[in-house]
Engineer: 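Here you go, one structure.
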Amino acid sequence: MIKYLLKRAATYVVMIFLTTSAGYFLAVSTMSPSLIEQEKIPRPTPEQVARSLASKNLDPAMNPWDRYVQWLTGVVTRWDWGLGPDGGSVNSAFGDRVWVSTRLFLAAIILTLVIGVALGVFTAARQYKASDRVITSYSYLTYIVPAPIAYFLVQLAAININDASGQTIFYVTGISTPGMDPGWPTFVDLVAHYVVPTFAITLVGWGAYQIAQRQYLLDNVNADFVRTARAKGLTRNQAIRKHALRVSFIPVAQTIAFAVPAIFVGGFFAESIFAWPGIGFWSIDAIGKQDVNAATATLAYGSVIFAVGAVLADLATALVDPRVKVS
C-alpha cells in the first residue's frame, strides 16, 4: 500500500511541477505589474517603474525564461515564492491565508462526503418513500441554486435569527471577534465563527454525493450477488450493508479527487460572502493586481489540492475495491 501511494504521489509531483511552470510562463506573458505601478500618485516615471520592478525580480524587460530560472531557483533553494509588485512577501501572505481557508473547508469537506454518502444509502434503502423523495428533491435543487445565492440565503437566515432573538447567536462575518481574551474564550469564539459558513458549504455540497450514492446503490440492490446473499438468510438491509454498499461506493470514492479541489475553488464565494480572508479571495485579488508570483503560488496550491484529492481517491478505491492491486 505504501509503495503504491508513493508511486502515485511521485506522478502527481511531476504534474504539479509541469502545471506550475506552465502557469508561470502564462502569467509572465499576460500580466503587466507595471500597470499597477503607474497608477501610483505621484505617477512614477517609466525608469522608476523599471527599477522598482527589477529590485523585486519582476523586471518586464528580462527574458521570460531567465525570469523563470531566477524564480524557480528561489523556490527550490529557499522556498521563496518571490515578492509582489507592492514589495510584500508572497510566502507571508500565502501562509496566513491558506491556514484560514484550510480551517474553513476541512470540516466542510469531511461533512459533505460523510453526510452525502450516508443520505445516499438512507434514501436508496427507502426508495420512493416520502423521505427519499424529499431528500433527493433537495439534492437536485442544489444543482439549480447557485452556490453564492445559497450562501447568502443561509447568511440572511442567521441574521434574521439574531434579530428575532435580540442577541448574537450566529456570527455571519469574520473569523474572530477582536479583543477576545486568550485561551478558552478565543477558542469558543473561533468555533462560533465556523458554524454558519461551514453549515452553508455543507448544505450545498452534499447533494451531489447523495444522488450519486443513491443511484449506484440502487443499481446493485437487485444484482445477483445481493440476491444470493439474501437467499443465504440475510435480510434486505443486511445484504445491502454488507455487499451492495461496498460495490456501490467504489465510483463515489473515485470522485473524491474532484470533491476536494471543487470545494476549495468554490471557496472564493464563501470567503467573500462571509468575509473570511482566505486563499480564494486572495487569488482573485492577485490577478487584479497583476501579481505574477502570487498568481503562480495559488495555481501551485490548487494543483497540490487536486493531487491530495486524487491520492485520497486512490486510497479509498484500493480499500473498497478488491480488484485493485496496490503492489
Side-chain angles (χ1 to χ4, degrees), residues 1-24 72 75-76 79 81 90-118 147 175 194 197-198 200-202 204-209 212-213 249-271 276-284 286 293-321 324-327:
M1 177 70 74
I2 299 299
K3 185 178 179 181
Y4 168 76
L5 292 178
L6 289 177
K7 286 182 178 179
R8 298 293 291 173
T11 301
Y12 294 129
V13 167
V14 175
M15 294 173 59
I16 291 170
F17 173 77
L18 295 176
T19 302
T20 304
S21 298
Y24 183 86
L72 185 62
V75 173
V76 173
W79 196 246
W81 288 77
V90 172
N91 285 35
S92 178
F94 181 85
D96 293 339
R97 287 161 177 79
V98 72
W99 175 235
V100 170
S101 292
T102 301
R103 287 187 300 170
L104 175 61
F105 297 114
L106 184 60
I109 290 172
I110 295 173
L111 289 173
T112 294
L113 294 172
V114 172
I115 293 176
V117 171
I175 61 175
Y194 274 93
T198 301
I201 296 170
T202 303
V204 174
W206 59 253
Y209 298 96
Q213 183 63 70
F249 183 67
I250 293 173
V252 176
Q254 294 170 345
T255 64
I256 295 176
F258 305 99
V260 177
I263 292 177
F264 270 91
V265 169
F268 163 71
F269 301 108
E271 291 172 0
W276 278 60
I279 199 69
F281 187 80
W282 182 64
S283 63
I284 301 298
N293 292 332
T296 306
T298 56
L299 174 62
Y301 174 71
S303 299
V304 170
I305 291 298
F306 180 84
V308 170
V311 170
L312 291 176
D314 291 338
L315 177 61
T317 303
L319 291 176
V320 300
D321 191 349
V324 176
K325 296 181 179 180
V326 297
S327 59

Engineer: Please report the shortest heavy-atom distance between Pro197 and Leu104, naming the atom on each side.
Structural biologist: CB-CD1, 3.6 Å
Engineer: Looking only at heavy atoms, which two atoms of Ala295 and Ala286 are closest? And how far apart?
Structural biologist: N-CB, 4.2 Å
Engineer: What are the two closest heavy atoms between Ala107 and Thr198, and how far apart are they?
Structural biologist: CB-CG2, 4.2 Å
Engineer: If the condition is side-chain contact (heavy atoms from CB on, under 4.5 Å), which residues does Thr298 pass it with, not counting sequence neighbours?
Structural biologist: Ile279, Trp282, Ser283
Engineer: Could you tell me the separation between the CD1 atom of Ile110 and the CD1 atom of Ile115, rounded to the nearest 0.5 Å?
Structural biologist: 11.5 Å
Engineer: Please identify each residue that fulfils side-chain contact (heavy atoms from CB on, under 4.5 Å) with Leu18, with sequence neighbours left out.
Structural biologist: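 side-chain contact (heavy atoms from CB on, under 4.5 Å) check on Leu18 returns Val14.
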Engineer: What heavy-atom pair brings Ala294 and Val90 nearest, and what distance separates the two atoms?
Structural biologist: N-CG2, 4.0 Å
Engineer: What heavy-atom pair brings Ile175 and Pro277 nearest, and what distance separates the two atoms?
Structural biologist: CG2-CD, 3.9 Å
Engineer: Listed by chain and number, what are the side-chain hydrogen bond (donor to acceptor under 3.5 Å, both in side chains) partners of Ser21, not counting sequence neighbours?
Structural biologist: Tyr68
Engineer: Of all residues at least two apart in sequence or in a different chain, which pass the side-chain contact (heavy atoms from CB on, under 4.5 Å) check with Thr19?
Structural biologist: Leu299, Ser303
Engineer: Say you draw a straight line from CD of Glu271 to CD1 of Ile201; how long is it, rounded to the nearest 0.5 Å?
Structural biologist: 8.0 Å
Engineer: May I ask you to test the Tyr24-Asn293 pair for a side-chain heavy-atom distance under 4.5 Å?
Structural biologist: yes
Engineer: If you look only at distance, which donor and acceptor atoms sit under 3.5 Å apart when one is on a side chain in residues 91-100 and the other is two or more places apart or in another chain?
Structural biologist:
residue : atom : partner : partner atom : Å
Asn91   : OD1  : Trp81   : N            : 2.9
Asn91   : ND2  : Trp79   : O            : 2.5
Arg97   : NH1  : Ala93   : O            : 3.2

Engineer: Residues two or more places apart in sequence or in another chain: which of them pass side-chain contact (heavy atoms from CB on, under 4.5 Å) with Val304?
Structural biologist: Ile16, Val308
Engineer: Starting at OH of Tyr209, measure out to CG of Leu113 and round the result to the nearest 0.5 Å.
Structural biologist: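 Between atom OH of Tyr209 and atom CG of Leu113 there are 5.5 Å.
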Engineer: Holding to ring-ring contact (aromatic ring centres under 6.0 Å, His included), I want the full list of residues that pass it with Tyr194, two or more places apart in sequence or in another chain.
Structural biologist: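 Here the qualifying residues are Trp276.
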